[in-house]
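Okay, so here's the structure we're looking at.
Counting convention: from 1, in listed order, for ligands and their atoms alike.
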Amino acid sequence: MEEGPVTVIGGAGRIGRRIVSRLRERGVPVRVTTRDVRRSRSAVPGDVPLAHADVREPASLAPPLRGCAAVVFSVEPGTAGSGPDRPETTMFQGVRHVLDAVGPAAHVVLVSQIYVTRADHPQNRYGRMLDWRLAGEELIRARGGPYTIVRPSWLTDSRGAGEAVRLEQGDTGDGRICRDDVADACVRALSTPAAIGTTFEMYNVAGPSATDWDTLFARLRPDGAVAGRRPRINGTEVPDVGAHTPR
Ligand SMILES: NC(=O)c1ccc[n+]([C@@H]2O[C@H](COP(=O)([O-])OP(=O)(O)OC[C@H]3O[C@@H](n4cnc5c(N)ncnc54)[C@H](OP(=O)(O)O)[C@@H]3O)[C@@H](O)[C@H]2O)c1
């Protein structure tokens, strides 16, 4: 990773807070953004800079992303098909705004989700959540800079599904994953070269808890080698999302 702080967008959220705490434990300088500094102050350690930013407002992103070595995007979208909080504005346009504001060498870590390549999944009825998430992923893959795309399965706060972590590719599985493990993956990806240029799903399974992230990441294939569907917007394959204006 480049020298410089890591900015966590959504760093006052449930995964975000865990990411912030792990970065601090590792001595990594960290910044957090939130849409409401007053509300979020108690969720973020006092010595961590907390700035107002909204991924839907490009101007708000410039100060907290200036000079950062990496950015983690952990944003919960709205689920309506219309309105200011819809997945299109947060998970697609929001990702684009972040990419416009970070330096070309900054490592971008996106918290996405499983099912994004399964357009017929019921979750896609909520504001075409899956389509827009996949389109946002695609912007990151097309950018040319370092990235890691983490696709958690159903999030839990405990490891009821098992202590071990399985990373998969191809988006065919189903299961649950603890937020602590998602946070670990995001933080470890920043210091593990094998995680760069990869997209993977995450599941808890039976077995010993995950400690050897180098080995987990080393088993992944770089994205160019993984087959997957292209983003589809209104039933049409999107050939170049970077230049695409959906509607
Ligand atoms: N629930 C599941 O089973 C599941 C499964 C797979 C993936 N995921 C995804 O995992 C991610 C994180 O989950 P979580 O449990 O940590 O969610 P969370 O606790 O709700 O945190 C989400 C964060 O998103 C931020 N946010 C929302 N809209 C924003 C905007 N317009 N601009 C900037 N920040 C915005 C919020 O920050 P402020 O309010 O401070 O601005 C909040 O801290 C989400 O993307 C979620 O969809 C969830």
*Who passes ring-ring contact (aromatic ring centres under 6.0 Å, His included) against Phe200, sequence neighbours left out?*
Phe217

*Using side-chain hydrogen bond (donor to acceptor under 3.5 Å, both in side chains) as the criterion, point out the one residue from Thr156, Asp184, Asp157 that pairs with Arg179.*
Asp157

_ligand 1: protein residues within heavy-atom distance under 4.0 Å_ = Gly10, Ala12, Gly13, Arg14, Ile15, Thr34, Arg35, Arg39, Ser40, Asp54, Val55, Arg56, Ser74, Val75, Glu76, Pro77, Thr90, Val111, Ser112, Gln113, Arg133, Pro152, Ser153, Trp154, Leu155, Arg179

*Sub-4.5 Å side-chain heavy-atom contact between Ser60 and Arg35*: no

*ring-ring contact (aromatic ring centres under 6.0 Å, His included) with His52: which residues, sequence neighbours excluded?*
none

*Residues in side-chain hydrogen bond (donor to acceptor under 3.5 Å, both in side chains) contact with Asp47, at least two apart in sequence or another chain*: Arg24

*Only one of Val55, Leu110, Val95 forms a side-chain contact (heavy atoms from CB on, under 4.5 Å) with Val75, so which one is it?*
Val55

